[in-house]
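Have a look at the structure below before the remarks.
This is a predicted model, so every value here is computed, not measured.
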Amino acid sequence: MEDRPDALDAVEAAVWPEGPPADWKTAVTWLSPARRHELARRLDAISRFVDGLGPERIDARQAAGIAGVSVPRIYSLSSAWRRCRSVASLGVYAAEKPTRAKRMEPEVRQRATSLIDAILADDPSATPAAISRRLAAEDVAIPVATVRRLVVEARRRLAPGTFGARIILDSAGLDATLYGMRMRLYAVVDVGTGLVLGWVDGTDRSRSQGLAFAVDDALARMPYLDLRGFEVADDGPEMELRLHEDDHDGREVFERILAVQGLAATFSTRSLGGAIVAAVGERLDRVWLGIGSRPDDRSYRNVRKSEMPEYSGELSAAIRAAIERHNQDRRSAVRMPGSSDARVNSAKARVMAMLRRLGGVDEALLASPYYSAVSLAASMPPD
């Protein structure tokens with residue numbers, strides 16, 4: 001079954017010709033058809049009223065008519081949209097009412113899981129929305145958000161692929177705060193196997209500095225990484241860096257270090273956190289994590305307002321233990337004879353050599369305007 005575009009797809013294409021941001025796409029996957037229609041009307045109205053898109057700029061009364069809200073509400077939505085261009089700023093949320101969803105019956109979950117496994121075996125690139133429609137055709141009607149979680153789980157059950165072909169430096173948001181700042185997980189991920197090679201926790205202000213620390217952690221851990229039974233690449237790895245959209249100083253520093261070292265890498269601001277979520281899932285122990293970045297009071301679990309727990313040493317240790325369990329699970333899932341010791345050692349050495357050549361990023365970041373200011377603020381006690 002093909003993905004069929006709807007009204008929201010058309011409006012998104014007009015607002016973002018190159019595609020919407022990752023956090024927007026993530027939030028939209030949680031919406032029912034009725035909520036998607038509501039969001040399409042509001043996005044159409046606000047983009048024309050605030051940004052002047054479309055054949056001509058419209059006034060507040062016209063925008064209210066398109067969105068199906070009052071004129072005062074249009075002004076409120078416009079103000080929120082100017083501050084943060086998100087699904088939540090347009091007043092659209094996943095649930096029709098702020099109530100907890102019913103728990104899925106075990107037999108429904110089992111049937112959905114079996115169908116999802118079969119669909120992914122036939123089409124590994126199938127999207128949660130397309131899979132949801134396939135499930136509905138089989139009389140398994142569950143929310144797209146639930147389908148999305150089951151798809152993540154299904155992909156993580158697959159046997160590990162090739163180690164050392166592609167490495168991604170990424171960060172995922174966490175449902176926790178420290179001194180009022182949202183926390184993030186910064187990590188180095190081997191895409192083929194799903195192994196997390198190194199990681200650190202930091203705030204959403206850490207950005208490229210968090211990635212540099214994750215590289216240091218990977219270099220400390222990799223000498224002890226057990227790759228027996230894994231198939232490994234004979235060349236590479238390719239490297240991708242996923243940065244915050246406005247992390248201009250971080251990108252400039254990474255580009256400069258890469259040029260000096262003669263390293264090639266691709267940069268992306270889309271799907272920020274996607275590599276981590278694809279590897280470890282949407283929850284580590286009791287902490288939810290997700291793609292993109294969200295306002296401090298919006299959960300990565302369901303996009304609703306939520307009181308975030310204060311980050312602590314206990315939570316940090318729980319996340320560390322969960323990632324170590326994940327890596328052990330990936331090792332246990334190996335189903336192939338594996339490469340020879342010589343090939344394994346060679347692949348590991350190539351990955352470590354590439355990461356080692358990123359040395360100096362942290363020091364260079366501290367000389368840039370943004371990171372020098374962040375470092376100074378971090379040295380001051382919280383109010």
Side-chain angles (χ1 to χ4, degrees), residues 16 18-29 85-86 125 148 152 155-156 164-175 182-219 236-259 261 263-282 284 288-294 300 319 323 326 351 354-355 357-358 361-362 364-365 368 370-371 374:
W16 297 288
E18 296 183 359
D23 51 349
W24 175 279
K25 291 192 292 186
T26 301
V28 164
T29 64
R85 304 201 165 202
S86 66
S125 64
R148 182 171 174 271
V152 169
R155 287 185 169 137
R156 293 179 61 221
R166 187 173 176 223
I167 302 295
I168 295 181
L169 279 60
D170 197 10
S171 71
L174 300 176
D175 271 0
R182 193 66 172 262
M183 295 297 293
R184 295 189 72 80
L185 177 68
Y186 297 84
V188 180
V189 178
D190 178 72
V191 177
T193 62
L195 291 170
V196 182
L197 305 181
W199 65 91
V200 297
D201 43 19
T203 72
D204 57 4
R205 298 170 65 185
S206 303
R207 302 188 176 188
S208 287
Q209 197 167 45
L211 296 180
F213 290 156
V215 168
D216 291 342
D217 188 67
L219 287 170
E238 297 178 356
M239 178 167 55
E240 180 182 342
L241 292 91
R242 296 188 178 177
L243 308 181
H244 283 75
E245 191 170 9
D246 57 352
D247 186 9
H248 308 298
D249 285 359
R251 177 159 183 162
E252 188 278 329
V253 167
F254 269 114
E255 287 179 337
R256 177 155 36 93
I257 297 292
L258 290 168
Q261 293 292 333
L263 288 173
T266 59
F267 288 85
S268 175
T269 57
R270 299 189 182 280
S271 296
L272 185 67
I276 294 176
V277 171
V280 305
E282 295 183 313
L284 288 169
W288 291 89
L289 65 157
I291 297 172
S293 57
R294 292 190 179 162
Y300 284 101
I319 288 175
I323 294 174
H326 160 77
V351 173
M354 181 193 70
L355 296 177
R357 290 165 73 183
L358 294 177
V361 167
D362 185 42
L365 286 170
S368 67
Y370 172 84
Y371 289 95
V374 169

(message) The criterion is side chain to side chain contact (heavy atoms under 4.5 Å, CB included); which residues satisfy it with Thr269, sequence neighbours excluded?
(response) Glu245
(message) Within this structure, what is the CZ-CZ distance for the pair Phe254 and Phe267, rounded to the nearest 0.5 Å?
(response) 7.0 Å
(message) Run the side chain to side chain contact (heavy atoms under 4.5 Å, CB included) test on Leu358 and Leu169 for me, step by step, so that the C-alpha distance in whole Å, both residues' side-chain angles and the decisive distance to 0.1 Å come before the verdict.
(response) CA-CA 12 Å; Leu358 294 177; Leu169 279 60; 4.2 Å; yes
(message) To check you understand the geometry: which heavy-atom pair defines the closest contact between Val200 and Gly210, and what is its length?
(response) CG2-O, 3.4 Å
(message) Testing the basics here: between Leu355 and Leu219, what is the closest heavy-atom pair and its distance to 0.1 Å?
(response) CB-CD2, 3.8 Å
(message) Just verifying a value: how many Å separate Ser171 OG and Leu289 CG, rounded to the nearest 0.5 Å?
(response) 11.0 Å
(request) Taking Asp190 for its side chain and Gly164 for its backbone only, find out whether a donor-acceptor pair lies under 3.5 Å. (result) yes
(message) So does Gly194 get a backbone contact from the side chain of His326, meaning a donor-acceptor N/O pair under 3.5 Å?
(response) yes
(message) Using every non-hydrogen atom in the two residues, find where Arg184 and Ser293 come nearest and quote the distance to one decimal.
(response) NH1-CB, 3.9 Å
(request) Please answer whether the main-chain N or O of Thr203 pairs with a side-chain N or O of Tyr186 as donor and acceptor at a distance below 3.5 Å. (result) yes
(message) Using the rule given for side chain to side chain contact (heavy atoms under 4.5 Å, CB included), can you reason through Asp217 versus Leu197, listing the C-alpha separation, both sets of side-chain angles and the distance that settles it, and then say yes or no?
(response) CA-CA 8 Å; Asp217 188 67; Leu197 305 181; over 6 Å; no
(request) Nearest 0.5 Å please: distance from the OG atom of Ser268 over to the CD atom of Glu240. (result) 5.0 Å
(request) Report yes or no: does Asp249 contribute a side-chain atom to a donor-acceptor pair with the main-chain N or O of Tyr370 at less than 3.5 Å? (result) yes
(request) Show your working on side chain to side chain contact (heavy atoms under 4.5 Å, CB included) between Leu185 and Ile276 and close with a plain yes or no. (result) CA-CA 9 Å; Leu185 177 68; Ile276 294 176; 4.1 Å; yes
(request) Give a yes or no answer on whether the side chain of Arg242 reaches the backbone of Ser271 with a donor-acceptor pair at less than 3.5 Å. (result) yes
(message) Is there a side-chain contact between Ile167 and Val351 in this structure, where contact means two heavy atoms from C-beta onward sitting under 4.5 Å apart?
(response) yes
(message) To check you understand the geometry: which heavy-atom pair defines the closest contact between Ala364 and Val253, and what is its length?
(response) CB-CG1, 3.6 Å
(request) Mind listing the closest non-hydrogen atom pair of Arg148 and Ile291 along with its distance? (result) NH2-CD1, 3.6 Å
(request) Rounded to the nearest 0.5 Å, what's the gap from NE2 on His248 to CZ on Arg207? Could you check? (result) 8.5 Å
(request) Flag the pair Arg182 and Asp175 as a salt bridge only when some basic side-chain nitrogen lies within less than 4.0 angstrom of an acidic carboxylate oxygen. (result) yes
(message) Going by side chain to side chain donor-acceptor pair (under 3.5 Å), name the residues that satisfy it together with Asp247, two or more places apart in sequence or in a different chain.
(response) Ser208, Tyr371
(message) Within the 4.5 Å heavy-atom criterion, are Val361 and Val215 side-chain neighbours or not?
(response) no
(message) Nearest 0.5 angstrom please: Asp170 CG to Trp199 CH2, how far?
(response) 15.5 Å
(request) Quick one: closest heavy-atom pair of Leu258 and Met239, and the distance? (result) CD2-CE, 3.7 Å
(message) Within this structure, what is the CG-OG1 distance for the pair Leu195 and Thr193, rounded to the nearest 0.5 Å?
(response) 3.5 Å
(request) Report the residues that fulfil ring pair (Phe, Tyr, Trp, His ring centres under 6.0 Å) with Trp288, sequence neighbours left out, ordered by chain and then residue number. (result) none
